[in-house]
Number of protein chains: 4
Amino acid sequence: MSERKSDRRVLRTRQLLRNALTALILEKSYEAITVQEITDRANLGRATFYLHYPGGKDELLASSLEEMFDGLVKRLDSITHEDFLSDSNTLSLMVFQHAAENHELYRVFLSGQGAVTMTRQIRDYLARVIQKQFRQHKDDTLALEILATYMTGALVTLIGWWLENNMPHSAEYMSQVFSRLNSQGIAPLVKNTGNSET
Amino acid sequence: MSERKSDRRVLRTRQLLRNALTALILEKSYEAITVQEITDRANLGRATFYLHYPGGKDELLASSLEEMFDGLVKRLDSITHEDFLSDSNTLSLMVFQHAAENHELYRVFLSGQGAVTMTRQIRDYLARVIQKQFRQHKDDTLALEILATYMTGALVTLIGWWLENNMPHSAEYMSQVFSRLNSQGIAPLVKNTGNSET
Amino acid sequence: MSERKSDRRVLRTRQLLRNALTALILEKSYEAITVQEITDRANLGRATFYLHYPGGKDELLASSLEEMFDGLVKRLDSITHEDFLSDSNTLSLMVFQHAAENHELYRVFLSGQGAVTMTRQIRDYLARVIQKQFRQHKDDTLALEILATYMTGALVTLIGWWLENNMPHSAEYMSQVFSRLNSQGIAPLVKNTGNSET
Amino acid sequence: MSERKSDRRVLRTRQLLRNALTALILEKSYEAITVQEITDRANLGRATFYLHYPGGKDELLASSLEEMFDGLVKRLDSITHEDFLSDSNTLSLMVFQHAAENHELYRVFLSGQGAVTMTRQIRDYLARVIQKQFRQHKDDTLALEILATYMTGALVTLIGWWLENNMPHSAEYMSQVFSRLNSQGIAPLVKNTGNSET
DNA sequence: TCCTAAGCGAGACGGTACGTCTTGTCTTCCA
DNA sequence: TGGAAGACAAGACGTACCGTCTCGCTTAGGA
């Protein structure tokens, strides 16, 4: 019925490994981290690592990220079509907040040395969410895919910049800026000051 | 005045190495490429590699990218402030065109298996160009950096998507779409077809 | 008084392990055999192995050899001192016969790929038997140990040769040859055909 | 013409490894010696070891033994047929002396833990030398091979015993004993004391 | 008949050595 | 003098066994 003892032990071991990895990520570049270092930190044998993650570091990272993104996925699923169409910045706010909460890991794949695959996975996931929202809207004057890619690229890159610069603004502020740029474009900014020069 | 024989030989050797690297990049992930493989391809000794690029692969990559981007840099330098402020899509068009010309390498950098470092280098370079343009404009209502990051992220991601999908539209079309989204935002698209019509 | 069921079960388990080992020894070098392989063959858990033979493979091997040599020991014990002193080849004959009966295992021990340990055990055991016989005889003009070692070395090596060559002669013939060489030495052979004829 | 410098370096490296191995053999069982220990002792990298001996420890041991046996082979080749037929113990003396000179290595393969292959190689080599001598003598009343095997087994085993017991007698004494047993057999010893009992 | 201790299977775990791979340095030789 | 060739140290990799341990299942023998 309930989980067997050994199952719990396995889960605990994996959690130890995940924790060790995230701890190390705060200290040095992911690429520079050694399997030995991870297992030392987790007080486990190196062989044990390969028992659980035969694919090496990358598999452990993927597992850590998966764990982390479960939360984001749940939140984004709760966005209604109305939220999306309104000027509210619900979606981007959620993403910025989630990034703030898990900023160490986000930094890994959004800035410099992260596994490319991961960046793409998040980007593709967000692109799919956005496309789904637009599709309900039946807009096809412009290829949905291009639109979604445009938005996602800007959003993800912005989050990367934000984290790399140690979050100089609040998630709310960043989200507002993004939403404004996204819905009205940069024209208002340029025009306003541009005119004054005339 | 004129180059010495040995200088020319040195240049030739470096070119051989750069060519070997770019050739290999088309075949496999940058990370998986070995110094030995590069020198084998270039018919050079491994020691020779370190003679010219003591910093390892990354230094050679930087050198290769520099070579490739020289052209883009020159073109972008020719953009005047007026071009930039106008609704014209000069900048993005140039980037899309350059991407089309070097699409094999770009694809590697920007899509799936490329080295993150490269994506970042391109992005950072573009961000600097854009910031420079805005700075002349003295706009600081919004942090310039955020603005530049926003634009660059969207642009680079869009190029990546475009190449991954085998350039289904012309560079001109892509550039127009980008410019429109960038200057007016997505609001017009959403509003037009929206049911609320308010 | 009588064995408990669990005792019988223990005996059965040990027998399974011994059988598995001897079966594997016929297939591959003893050194190359793994505890896991033994327990797989015996349909037992690896932990069970260590339950019965905490000393590892070597302990199991010792146990297997003991089992096999029990028969030989009994027979050799029946040799009287008179038999030994007479020209009869009782001892060597028994050994050759026992080797013939267990030729598969003997071959492994004594020829090519066998474990040295085993060869030594057999040799040391025989050396002890021989010494015991001589000791009753109180002969110490020559160190008993040297004598016993000399005989045993020759005997065991000869058996090894015999098995490696697929027993080209009968055990009786081999035993006679050995006994003749052993009691009279090679001089008769050399002298007879020698040119000197002195 | 002369050896290249790098050749000399390679030879030096291999010599260092051989020396390290023989040094370690004096301290612990061959099986228990680790490649790491050998290279530590030789002040070399582990990878370097595999560069020269891809087959691992055993290949290094074989190489060490080969070096050692070169001397024995030369000496034995100088034995004339007359020496062999005479009662002199030239052959066995040479072997005992060689064993004394190289007792550390001999101990490795003749006693307990040595590589079986080696024991067999020496034995087979000696058997061939002995057979060659007998063959000139045209004696075939008894299969030469059996005779040679008999002698070699006794000789090699005796040397093993001698070394294991820290050479309690001189090589000359051992050789005499062996020769006497070999040419006249054990009968004289047994008969002499046997008769006295009657 | 239950129930309780033992034998056992399963497999996680720490540890150690393995043989391989790549990196970067250095030295020697050749053109 | 630039480059080829390649020996070498260093150190991470992933694999393979080892011996130990803990966990439950099964099953027999005494209650």
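Just so it is clear: chains get the letters A, B, ... in the order the sequence lines come, proteins before strands, and each one is counted from 1.
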Please classify the nucleic acid contact of A/L44 as base, sugar-phosphate, or nothing, using heavy-atom distances under 4.0 Å. sugar-phosphate

Using a 4.0 Å heavy-atom cut-off across all strands, classify A/D40 as base, sugar-phosphate, or nothing. nothing

Roughly how far apart are C/L163 CG and C/Y106 OH, rounded to 0.5 Å? 9.0 Å

With no angle test and no hydrogens, is the base of E/dG15 tied to the side chain of A/R46 by a donor-acceptor pair under 3.5 Å? no

Interatomic distance, [X] [atom1] vs [N] [atom2] [rounded to whole Å]:
X     : N      : atom1 : atom2 : value
B/Y53 : F/dG3  : OH    : P     : 11 Å
A/E31 : F/dC13 : CD    : C1'   : 16 Å
D/L17 : F/dA7  : CG    : P     : 14 Å
B/L51 : E/dT28 : CG    : C1'   : 15 Å
A/H52 : E/dG11 : NE2   : P     : 13 Å
A/Q36 : F/dA10 : CD    : C1'   : 15 Å
A/D58 : F/dG14 : CG    : C1'   : 14 Å
D/R12 : F/dA7  : CZ    : P     : 15 Å

Within a reach of under 6.0 Å around CD of B/E59, are more than 12 heavy atoms found that belong to other residues, nucleotides or ligands? yes

For the residue pair C/R12 and C/Q15, confirm or rule out a side-chain donor-acceptor distance under 3.5 Å. no

Would you mind checking if B/E67 and B/R14 are paired as a salt bridge, meaning a charged N to carboxylate O distance below 4.0 Å? no

Is the phosphate of E/dA12, meaning OP1 or OP2, less than 4.0 Å from a side-chain N or O of A/T48? no

In terms of side-chain heavy atoms of C/V35, which of F/dC13, F/dG19, F/dG3 is nearest? F/dG19

Mapping C/P54 and A/F49 onto DNA chain F by nearest heavy atom, which one lands closer to the 5' end? A/F49

Both C/Y50 and D/A42 contact DNA chain F. Taking the nearest nucleotide for each, which residue is further toward the 5' end? D/A42

So which one's nearest nucleotide on DNA chain E is more toward 5', D/G56 or C/T13? C/T13

Within the 4.5 Å heavy-atom criterion, are C/L17 and C/L21 side-chain neighbours or not? no

